[in-house]
Trainee: 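Submitted below is the structure of interest, expressed as structure tokens.
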Amino acid sequence: MDTLPFDQPDPHLLQELEELRSQINYHNYLYNTLDQPEISDYEYDLLFNRLKEIELTHPELITPDSPTQKVGAKPSERFQKVQHPVPILSLSNGFGPQETMEWYRRLVRLDAEVEKADFLLEPKLDGLTVVLHYENGVFRLGATRGDGQIGEDITSNLRTIPSLPLRIPVKPGITAPEHIVFRGEALILKEDFTKLNAELEAKGEKTYLNPRNTAAGSLRQLDPAVTAKRPLKLFIYQILSSSEPIPESQADILDYIANLSLPTDSIRWHARDIQEAIKICESQATERHKWPFEADGIVIKINDQNLFNRLGYIGKDARGAVAYKYPGEEVETILLDIQNNVGRTGVITPLAILKPVMIGGVLVKQATLHNFDFIAEKDIRLGDHVLVKRAGEVIPYIMASLPDKRDGKQPPYTPPKTCPSCASELVKDPEAVAWYCENTNCPAQLNRTLENYASRAAMDIAGLGEKIVVQLTEADLVKSIADLYTLKKDDLLKLDKFGDLKADNLLRAIEESKSRSLQRLIIGLGIHGIGEVSAGDLAKQFKDLDSLANASIDELQNIAGIGPNAAQSIAHWFAQEQNKKLLESLKSYGVWPIIEDQAQDDTPKPLAGLTFVITGTLPGMSRDEAKSLIELHGGKTSGSVSKKTNYVLVGADAGSKLQKALELGVPTISEDDLRQML
């Protein structure tokens, strides 16, 4: 089946396309920049999905500034160099009132008009400086600061930042200059940084030390798809060049930038003279910890841009501004102990127990050590003198040890071999930095284990959500997955907010779970590294858990999609005594699905010899159902698009696989097309 040639779009469709892009850009600005959405997520999704539907039908109409293009693009082989239109200057520092006044007096000696100057104060953002070029309102080029003269082209990465408009204007009545270049800062907010590290830790992946390095590293990735996964924000604060006149004060420049719908920092102060500017900086020494981002100072700028530019620069520093810097919040203390905690996913996380020390007015007794690789890389030992940093509301973390202060009584740290909660042998994730406990009955991760087992992708036990799981475990009614099948109605009625109907419904759902497929049960067991697709492949190959448990690593690796690490993980899981006992219990309770061999069917299959790739959300079936339907009719499915792919089955929110199909000329079909083929 070949794809039909593209229809020529009519004028009404083109008008709808432009209106959709305009509306979506406007609502992106309200949501990502102003945090003031006017419509619900559902209404936004309707607009966005309609735009994607049109562009899917007419890919020749996709433009670089379309809202659908804010995704990771094809990786670059290297960064291209970009010549900046003007030098990208840095700032001199003023540590405290005295140095700041010295900076001011030097300016007065250069130009007496400085004595009449007022000042605009802005937080000194701690991120990565970026230079943004717009031509006729369209974002064309983005670069790093580099050496101030030449930067690196990171256009594709910057496109993924939600708050960066790909087109100006996004508001009616605004006209963009023919050419304009901005300077700004890309960063990660403290709250987003904490969430990101928590997610990485839960996956057993390496966490980050601070928001600044994370933001810089994210934007300097060769693969924009990686950048797109980071919660980057952007603040613009300077116009480097423009085909239109630039406002004559820094305050008006910021208002002008905001009027063009680019993101600006709302935190700023106006000072009538240098004395007032210094008082503001001193008053913010403690208040800055409440700012949503990390900042180690405040930039004091001469508001009058004519005077600012007339003062020029010395070396790489602009004379008309200074960074009022606060003292760093790094202190020295002693590492008393390392406490190892078991996360809900079984990942073991080391926590430093410190000799209590004051940092920024807060008594700190504990600090994060990130992971065991970090401890080894930094050679951190018990009893070491260590440097600890606390930045605002972020959890304190150890930066480094001070080996020169050792007295010879600090042996190298040895990570634990067994789980501190259940004493099971720990397993190292070969693809990550994490060590984890894979005992399904480990008390520290029991709640998460039960939630996964009851999830829709696994055993789909309706009503067994997070809150009820907590009730069951806190009441000691459930200490393993198998205990679910021993629950009695009288047990449940003793729990808070459990009546007859709720108890009956839960017990019925648990009983119905016994009829779930082998694939779902494998997912429910929570074997590390095994998801829905690989669970289905295992079920298809081994038919029941007895066969899977007895499979060798070589047999497991012979299955497409099961590599050496996954095979090792499966074999190790089934070798654990606790897990063997769990399987025996499940089998005794009738939770033991078996795939019966199908009789040979010689009927011709309509999809025989065809390979499909599925992407996006299908309207009438799940991906697993689509995969099963294709395979039932003789087809094969693959996880990646190549020249050997016959069709790509496309649903809503299709990603890079659709783009790959278009690049390779692989035919794309809808769910309706698939059903017609059958």
Side-chain angles (χ1 to χ4, degrees), residues 18 21-22 25-26 28-29 32-34 63-67 69-70 80-90 120 122 128-159 161 163-186 219 234-265 268 299 301-313 316 318-321:
E18 288 306 310
R21 287 173 178 167
S22 177
N25 281 331
Y26 176 64
N28 278 340
Y29 167 69
N32 293 308
T33 302
L34 299 184
T63 60
D65 60 307
S66 173
Q69 300 307 294
K70 295 179 82 66
Q80 300 293 328
K81 301 302 180 185
V82 175
Q83 178 73 46
H84 296 311
V86 296
I88 311 300
L89 302 174
S90 54
L120 196 75
E122 305 166 48
L128 179 73
T129 297
V130 294
V131 179
L132 312 171
H133 296 245
Y134 282 80
E135 302 289 344
N136 296 313
V138 177
F139 174 59
R140 294 297 189 194
L141 174 66
T144 63
R145 178 178 182 271
D147 63 3
Q149 300 288 340
I150 297 175
E152 296 170 324
D153 185 343
I154 54 170
T155 307
S156 297
N157 295 345
L158 287 166
R159 286 181 182 277
I161 300 179
S163 57
L164 175 67
L166 299 182
R167 174 182 284 276
I168 302 171
V170 297
K171 294 186 293 188
I174 302 299
T175 302
E178 181 179 344
H179 166 80
I180 190 166
V181 182
F182 301 99
R183 177 178 178 173
E185 199 86 0
L219 276 174
L234 192 67
F235 291 120
I236 311 300
Y237 52 81
Q238 186 179 2
I239 299 173
L240 297 172
S241 68
S242 176
S243 58
E244 298 290 333
I246 298 174
E248 295 185 353
S249 75
Q250 177 63 12
D252 289 341
I253 286 174
L254 292 177
D255 290 341
Y256 177 78
I257 293 171
N259 198 40
L260 290 177
S261 304
L262 278 91
T264 59
D265 181 11
R268 67 186 76 150
V299 180
K301 300 179 182 178
I302 290 179
N303 197 25
D304 183 344
Q305 289 299 288
N306 291 322
L307 176 57
F308 182 98
N309 293 327
R310 193 164 72 234
L311 288 167
Y313 56 92
K316 293 185 178 181
R319 280 198 175 101

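Any value given below was found using the heavy atoms of this structure, including those in side chains, with hydrogens, waters and symmetry copies removed.
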Trainee: Would you check if T175 and I168 make a side-chain contact, meaning some heavy-atom pair closer than 4.5 Å?
Mentor: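 No, every pair of side-chain atoms sits at 4.5 Å or beyond.
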Trainee: With rounding to the nearest 0.5 angstrom, report the CG to OG distance, L164 to S261.
Mentor: 12.0 Å
Trainee: Partners of R167 by side chain to side chain contact (heavy atoms under 4.5 Å, CB included), sequence neighbours excluded?
Mentor: N25, D65, V138
Trainee: Do you see a donor-acceptor pair shorter than 3.5 Å between the side chains of Q250 and E122?
Mentor: yes
Trainee: Using side-chain contact (heavy atoms from CB on, under 4.5 Å), reason through Y237 and L254 one step at a time and then give a plain yes or no.
Mentor: CA-CA 6 Å; Y237 52 81; L254 292 177; 4.1 Å; yes
Trainee: Please give me the minimum heavy-atom distance between P263 and P165, naming the atom from each residue.
Mentor: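 That closest heavy-atom pairing would be CD-CD, 4.3 Å.
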Trainee: Side chain to side chain contact (heavy atoms under 4.5 Å, CB included) with S242: which residues, sequence neighbours excluded?
Mentor: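 So S242 forms a side chain to side chain contact (heavy atoms under 4.5 Å, CB included) with P177, I180, I239, E244, I246.
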Trainee: Does E152 have any side chain to side chain donor-acceptor pair (under 3.5 Å) partners at least two apart in sequence or in another chain, and if so, which?
Mentor: R220
Trainee: Only one of D265, L262, L260 forms a side-chain contact (heavy atoms from CB on, under 4.5 Å) with I236, so which one is it?
Mentor: L262
Trainee: Among all residues two or more places apart in sequence or in another chain, which pass the side chain to side chain donor-acceptor pair (under 3.5 Å) test with S90?
Mentor: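 D317.
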Trainee: Is there a side-chain contact between L240 and Q238 in this structure, where contact means two heavy atoms from C-beta onward sitting under 4.5 Å apart?
Mentor: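 SC-SC contact between L240 and Q238 confirmed.
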Trainee: To check you understand the geometry: which heavy-atom pair defines the closest contact between V299 and A321, and what is its length?
Mentor: CG1-CB, 4.3 Å
Trainee: One pair to check against side-chain contact (heavy atoms from CB on, under 4.5 Å): V181 and V131. What are the steps and the verdict?
Mentor: CA-CA 7 Å; V181 182; V131 179; 3.5 Å; yes
Trainee: Could you list the residues that satisfy salt bridge (charged side-chain N to carboxylate O under 4.0 Å, His left out) with R268, not counting sequence neighbours?
Mentor: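 Here the qualifying residues are D255.
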Trainee: Taking side chain to side chain donor-acceptor pair (under 3.5 Å) as the definition, give me every residue that meets it alongside D252, ordered by chain and number, with sequence neighbours left out.
Mentor: S249
Trainee: Taking side chain to side chain donor-acceptor pair (under 3.5 Å) as the test, write out the residues that go with E178, two or more places apart.
Mentor: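 None.
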Trainee: How many angstroms lie between CG in D304 and CZ in R310, if you round to the nearest 0.5 Å?
Mentor: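 Going from CG on D304 over to CZ on R310, the span is 7.5 Å.
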Trainee: Work out which heavy atom in Q305 is nearest to a heavy atom in P247; give both atom names and the distance.
Mentor: CG-O, 4.2 Å
Trainee: Would you say the side chain of L311 lies within less than 4.5 Å of the side chain of N309, judging by non-hydrogen atoms?
Mentor: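 No - every pair of side-chain heavy atoms lies 4.5 Å or more apart.
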Trainee: Identify, with sequence neighbours excluded, every residue that meets side chain to side chain contact (heavy atoms under 4.5 Å, CB included) alongside L141.
Mentor: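 Residues passing side chain to side chain contact (heavy atoms under 4.5 Å, CB included) with L141: V82, H133, D153, T155.
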Trainee: Which distance, rounded to the nearest 0.5 Å, do you find between the CG of L307 and the CD1 of I302?
Mentor: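 Separation between the atoms: 4.5 Å.
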Trainee: Can you sort out the partners of A318 under side chain to side chain contact (heavy atoms under 4.5 Å, CB included), two or more places apart, ordered by chain and number?
Mentor: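 Here the qualifying residues are L89, F308.
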Trainee: Would the distance check show the side chain of N306 and the main-chain N or O of E248 forming a donor-acceptor pair, the cut-off being under 3.5 Å?
Mentor: no
Trainee: Can you check whether G151's main-chain N or O pairs, donor with acceptor, with R145's side chain at less than 3.5 Å?
Mentor: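 Not at all, since once roles are kept as given, no pair shorter than 3.5 Å links the two residues.
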Trainee: Does any part of the side chain of L219, heavy atoms only, come nearer than 4.5 Å to the side chain of L158, both counted from C-beta?
Mentor: yes
Trainee: Go through the steps to decide whether I150 and H84 satisfy the test side-chain contact (heavy atoms from CB on, under 4.5 Å), and finish with yes or no.
Mentor: CA-CA 6 Å; I150 297 175; H84 296 311; 5.8 Å; no
Trainee: Does Y256, at its OH atom, have more than 12 non-hydrogen atoms belonging to other residues, nucleotides or ligands within less than 6.0 Å?
Mentor: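 Atom OH in Y256 is crowded, with more than 12 foreign heavy atoms closer than 6.0 Å.
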Trainee: Who are the ring pair (Phe, Tyr, Trp, His ring centres under 6.0 Å) partners of Y134, not counting sequence neighbours?
Mentor: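 Testing Y134 for ring pair (Phe, Tyr, Trp, His ring centres under 6.0 Å), a comparison that skips the adjacent residues, returns F139, F182.
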Trainee: The test is side-chain contact (heavy atoms from CB on, under 4.5 Å); show your working for T129 and R183 and say whether it passes.
Mentor: CA-CA 7 Å; T129 297; R183 177 178 178 173; 3.5 Å; yes
